[in-house]
Amino acid sequence: MTASTTSSPAPAAAAGPRAPTRRNAELALLLFAMGVVTVYAAAVEYGVNHHLGRFWLLPLLLTLVFLAMHLAVRFLAPYADPAIVPAVALLNGLGVVFLRRIDLDPKMPDLDYHPNLVDFGGIAFKQLIWTVAAVIVATVALVVVRDHCTLSRYAYTLGFTGLVLLMISVLLLKTLIDGHWSHVRVRFVGCYTNVLVLVF
């Protein structure tokens, strides 16, 4: 009578090395992007006023805002693409500094938007406020939606909502074209439309 041999359980497979999060690469790219924005701000300030003045103020505030965004991504979405935040920071920063160039133009006729050309006045600082609001909304979205794959359950709902908002923005553009705040509302609805269609 032969004794049955029992095979010993195979050892558990060793856990593979943890995938790198590349958050440090994101930080390096972000600092590089803010460096480009700072150089552009210095060029704008010197080209208009023939002195540098406080050209560093807007780039510094933008750097603090996007460093906060970087920290949120580092802890809430550590495996996100490291190029997204730096790319957004670069494009947004160049846009804010370009608006600063418009604020500094003495030929601008709209004095309501350029009160004495102070650092915290004009459309550049208002755009900075919108940037802060966008970072707050993005952080809240990362907290609420921990796994972006769950959004696929609502793909068609989000896509349909985006199309409806797109039609609403077109109607607003046709009927509310008078006045500055109308354009702001149209752009605000358009931003939500882009996000929803992108998720779809």
Side-chain angles (χ1 to χ4, degrees), residues 18-106 108 110 112-146 148 180 183-184 187-188 190-195 198-199:
R18 186 178 178 182
T21 62
R22 299 183 295 176
R23 292 308 100 201
N24 291 333
E26 178 184 88
L27 179 60
L29 289 173
L30 178 59
L31 294 177
F32 174 76
M34 289 296 97
V36 174
V37 172
T38 303
V39 172
Y40 180 47
V44 165
E45 196 80 22
Y46 188 81
V48 175
N49 295 329
H50 303 292
H51 62 82
L52 293 179
R54 292 194 292 179
F55 75 93
W56 47 266
L57 183 58
L58 276 178
L60 175 61
L61 295 176
L62 285 168
T63 301
L64 294 177
V65 170
F66 284 105
L67 281 177
M69 185 73 251
H70 164 74
L71 290 176
V73 173
R74 178 179 286 268
F75 290 105
L76 298 175
Y79 293 99
D81 191 325
I84 293 179
V85 173
V88 171
L90 178 62
L91 294 175
N92 184 275
L94 293 177
V96 170
V97 176
F98 181 80
L99 294 177
R100 172 67 175 169
R101 168 66 181 84
I102 297 176
D103 285 335
L104 293 174
D105 190 353
M108 289 297 295
D110 195 349
D112 292 336
Y113 286 92
H114 312 276
N116 301 323
L117 301 181
V118 295
D119 291 323
F120 295 100
I123 52 179
F125 186 70
K126 293 182 179 181
Q127 182 63 35
L128 178 61
I129 294 176
W130 280 107
T131 301
V132 174
V135 168
I136 294 174
V137 172
T139 303
V140 171
L142 289 177
V143 172
V144 174
V145 184
R146 300 309 302 268
H148 67 280
H180 171 74
H183 292 284
V184 171
R187 289 196 295 267
F188 194 70
C191 290
Y192 275 109
T193 301
N194 294 337
V195 172
L198 181 61
V199 172

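Any value given below was found using the heavy atoms of this structure, including those in side chains, with hydrogens, waters and symmetry copies removed. Note that the coordinates shown come from a computational prediction; the quantities given were computed from them, not determined experimentally.
- Proximity of a side-chain donor or acceptor of Arg101 to a complementary backbone N or O of Leu99 within less than 3.5 Å is not detected.
- The pair Arg54-Glu45 does not count as a salt bridge, with every side-chain nitrogen at least 4.0 angstrom from each carboxylate oxygen.
- Among all heavy-atom pairs drawn from Leu62 and Gly93, the shortest one is CD1-CA, 3.7 Å.
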Donor-acceptor list for residues 66-75 side chains, cut-off 3.5 Å, not counting sequence neighbours:
unit_1: His70; atom_1: ND1; unit_2: Glu26; atom_2: OE1; d: 2.6
unit_1: His70; atom_1: NE2; unit_2: Arg74; atom_2: NE; d: 3.3
unit_1: His70; atom_1: NE2; unit_2: Arg74; atom_2: NH2; d: 3.3
unit_1: Arg74; atom_1: NH2; unit_2: Asn24; atom_2: OD1; d: 3.1

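- Considering CZ of Arg22 and OH of Tyr79, their distance stands at 11.0 Å, rounded to 0.5 Å.
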Pairs of donor and acceptor atoms involving the side chains of residues 80-91, under 3.5 Å and at least two apart or interchain, shall be tabulated with distances.
unit_1: Asp81; atom_1: OD1; unit_2: Ala83; atom_2: N; d: 2.9

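- Applying the side-chain contact (heavy atoms from CB on, under 4.5 Å) criterion to Tyr46, with sequence neighbours excluded, gives Leu52.
- Smallest separation of non-hydrogen atoms from Met34 and Pro59: SD-O, 4.3 Å.
- For Thr63, the side-chain hydrogen bond (donor to acceptor under 3.5 Å, both in side chains) test picks out no residue, with sequence neighbours left out.
- Val65 has its side chain out of reach of Leu61: every pair of non-hydrogen atoms, C-beta onward, lies at least 4.5 Å apart.
- Under the 4.5 Å side-chain criterion, counting only non-hydrogen atoms from C-beta, Val97 is not in contact with Phe55.
- By the side-chain contact (heavy atoms from CB on, under 4.5 Å) test, Phe98 pairs with Tyr40, Ile102, sequence neighbours left out.
- With respect to Gln127, the side chain to side chain contact (heavy atoms under 4.5 Å, CB included) criterion is satisfied by exactly one of Ile129, Thr131, Ile123: Thr131.
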